[in-house]
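Below you'll find the structure, written out as structure tokens, and then a few comments.
Just so it is clear, the model here is predicted, and its values are computed rather than measured.
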Amino acid sequence: MATFFGEVLSVYSRAVEEDDEDLEENEEDEQIHRELEEKREVRLHWSPAVSESLKSGNKLQCSDFILAVGHNAARFLSVYVLTSANWDAVGHASVWNERSRAVSGQTSEESACVFYRQKDNPSVLICQVTCYIAEDQLFQWTEKVFDCLQHRELNVTVLSDSPMAEYKAADYLCSSSAPFLRSLHTGVFSGQPVCQPLEQPNIVTGLPAAVLNHCEVHRIATVIYQCYSDVTGPDSVTMETYKPALTKLGKSMQLDPSPSTDVLRKFVTTTNIQSNLYI
């Protein structure tokens, strides 16, 4: 190659070397991508008895599946249902994502998504979910959980937390009545919801939406009760709002009508309001 000054320079082609470098980078990227996908995989861990039954090809005989998503919904079950000794923890789901790894003070991911089964009536299953499940993990979670359950005569009830700021209504004075419930159900749900339906343009998102879509496709009777609250943390008033949703289940779900103060204190976060203007 000649320069502007007539000097002849020897030039060699790096096309082959660049192609090799690109190939190595692509292989490294693919390896990282595979490792990340494997780490983000939703994994179900069942008790030995349940695992043995599932390995034998038997699905869990389930007539009622109650899913609580959010701290108030989950703690409602802890206070009003799970305080009795009539429940066994039969499994948990481990979920790793960008939020779960950033949570401080959380001893284990497993404690954020736990399954319980009623001792007297094993066909009643409860799941509490307080961890964040990313968008790419919602389908995984739903498919894997429902693949373990028999669908015949299955009824699903979803309790879900939602901030009042996300509720859209023509009458903004309705916020004074918070917390309150709104419902949404699949086409095959034949029961009568305990509250009025969710008005447009409000929507259900996250895990409740993924479960509702799955159950609509597979024709599973499902109802979602979404609680809108103006309180950010767990509180007894918001928890109690869910009570009518489970009283519809009758004898299959016994609620503690008046939980003790000690139980409430254990699951309700008390916040001391302090002024930052005066000491």
If I compare all heavy atoms of [X] with all of [Y], which pair ends up nearest, and what's the gap?
{"X": "Glu216", "Y": "Gly187", "value": "OE1-N, 3.1 Å"}
{"X": "Ser229", "Y": "Pro179", "value": "CB-CB, 4.0 Å"}
{"X": "Pro234", "Y": "Met239", "value": "CB-CE, 4.0 Å"}
{"X": "Cys127", "Y": "Cys113", "value": "SG-SG, 4.1 Å"}
{"X": "Val204", "Y": "Ala209", "value": "O-CB, 3.2 Å"}
{"X": "Ala245", "Y": "Leu159", "value": "CB-CD2, 3.9 Å"}

If we count only N and O atoms by modelled type, under 3.5 Å, do the side chains of [X] and [Y] hold a donor and an acceptor together?
{"X": "His45", "Y": "Ser94", "result": "yes"}
{"X": "Tyr242", "Y": "Asp161", "result": "yes"}
{"X": "Ser123", "Y": "Asn121", "result": "yes"}

(request) Before accepting this row, confirm whether a basic side-chain N of the pair Glu38/Arg40 lies closer than 4.0 Å to the acidic partner's carboxylate O. (result) no

(request) Answer yes when Arg117 and Asp88 have at least one side-chain N-carboxylate O distance shorter than 4.0 Å, and no when they do not. (result) no

(request) Verify the cluster assignment for Leu149 and Leu212: are they in a single hydrophobic cluster under the rule of side-chain heavy atoms below 4.5 Å apart? (result) yes

(message) Using the rule that Ile, Leu, Val, Met, Phe, Trp and Tyr join whenever any side-chain heavy atoms are under 4.5 Å apart, tell me whether Val90 and Leu54 fall into a single cluster.
(response) yes

Can you tell me if [atom1] on [X] sees more than 12 non-hydrogen neighbours from other groups inside 6.0 Å?
{"X": "His71", "atom1": "NE2", "value": "no"}
{"X": "Arg43", "atom1": "CZ", "value": "yes"}
{"X": "Gln196", "atom1": "CD", "value": "yes"}
{"X": "Glu199", "atom1": "CD", "value": "yes"}
{"X": "Arg34", "atom1": "CZ", "value": "yes"}

Has the side chain of [X] got a donor or acceptor atom that lies under 3.5 Å from a matching backbone atom of [Y]?
{"X": "Ser51", "Y": "Pro48", "value": "no"}
{"X": "Thr186", "Y": "Ile220", "value": "yes"}
{"X": "Gln137", "Y": "Ala134", "value": "yes"}
{"X": "Gln140", "Y": "Val42", "value": "yes"}
{"X": "Gln118", "Y": "Asp120", "value": "no"}
{"X": "Asn202", "Y": "Lys168", "value": "yes"}
{"X": "Asn97", "Y": "Tyr132", "value": "yes"}

With a 4.5 Å cut-off on side-chain heavy atoms, are [Y] and [X] touching?
{"X": "Val223", "Y": "Val158", "result": "no"}
{"X": "Thr222", "Y": "His185", "result": "no"}
{"X": "Gln128", "Y": "Ser78", "result": "yes"}
{"X": "Thr157", "Y": "Leu67", "result": "no"}
{"X": "Glu41", "Y": "Lys144", "result": "yes"}

First locate atom [atom1] of [X], then atom [atom2] of [Y], and finally report the distance between them rounded to the nearest 0.5 Å.
{"X": "Ile133", "Y": "Trp141", "atom1": "CD1", "atom2": "CH2", "value": "6.0 Å"}
{"X": "Trp96", "Y": "Lys39", "atom1": "CH2", "atom2": "NZ", "value": "4.5 Å"}
{"X": "Ser236", "Y": "Asn72", "atom1": "OG", "atom2": "CG", "value": "9.5 Å"}
{"X": "Tyr167", "Y": "Gln226", "atom1": "OH", "atom2": "CD", "value": "10.5 Å"}
{"X": "Tyr225", "Y": "Ile66", "atom1": "OH", "atom2": "CD1", "value": "12.0 Å"}
{"X": "Ser177", "Y": "Met164", "atom1": "OG", "atom2": "CE", "value": "6.5 Å"}

(message) Show, in sequence, the C-alpha distance, side-chain angles and deciding distance for Val50 and Leu60, and conclude whether the side chain to side chain contact (heavy atoms under 4.5 Å, CB included) test is met.
(response) CA-CA 8 Å; Val50 174; Leu60 292 176; 3.7 Å; yes

(request) Determine, stepwise, if the pair Phe76 / Leu246 fulfils side chain to side chain contact (heavy atoms under 4.5 Å, CB included). (result) CA-CA 11 Å; Phe76 161 73; Leu246 293 194; 3.6 Å; yes

(message) Below 30° counts as parallel, above 60° as perpendicular, anything between as tilted: where do the rings of Trp46 and Phe115 land?
(response) tilted

(request) Give me the ring orientation class for His151 and His218: parallel if the planes are under 30° apart, tilted from 30 to 60°, perpendicular past 60°. (result) perpendicular

(request) List the steps and the verdict of side chain to side chain contact (heavy atoms under 4.5 Å, CB included) for Tyr80 and Glu240. (result) CA-CA 9 Å; Tyr80 288 92; Glu240 196 170 357; 3.8 Å; yes

(request) Apply the test side chain to side chain contact (heavy atoms under 4.5 Å, CB included) to residues Lys119 and Trp87: give CA-CA distance (whole Å), side-chain angles for both, the deciding distance (0.1 Å), then the verdict. (result) CA-CA 6 Å; Lys119 293 180 181 178; Trp87 296 88; 5.9 Å; no

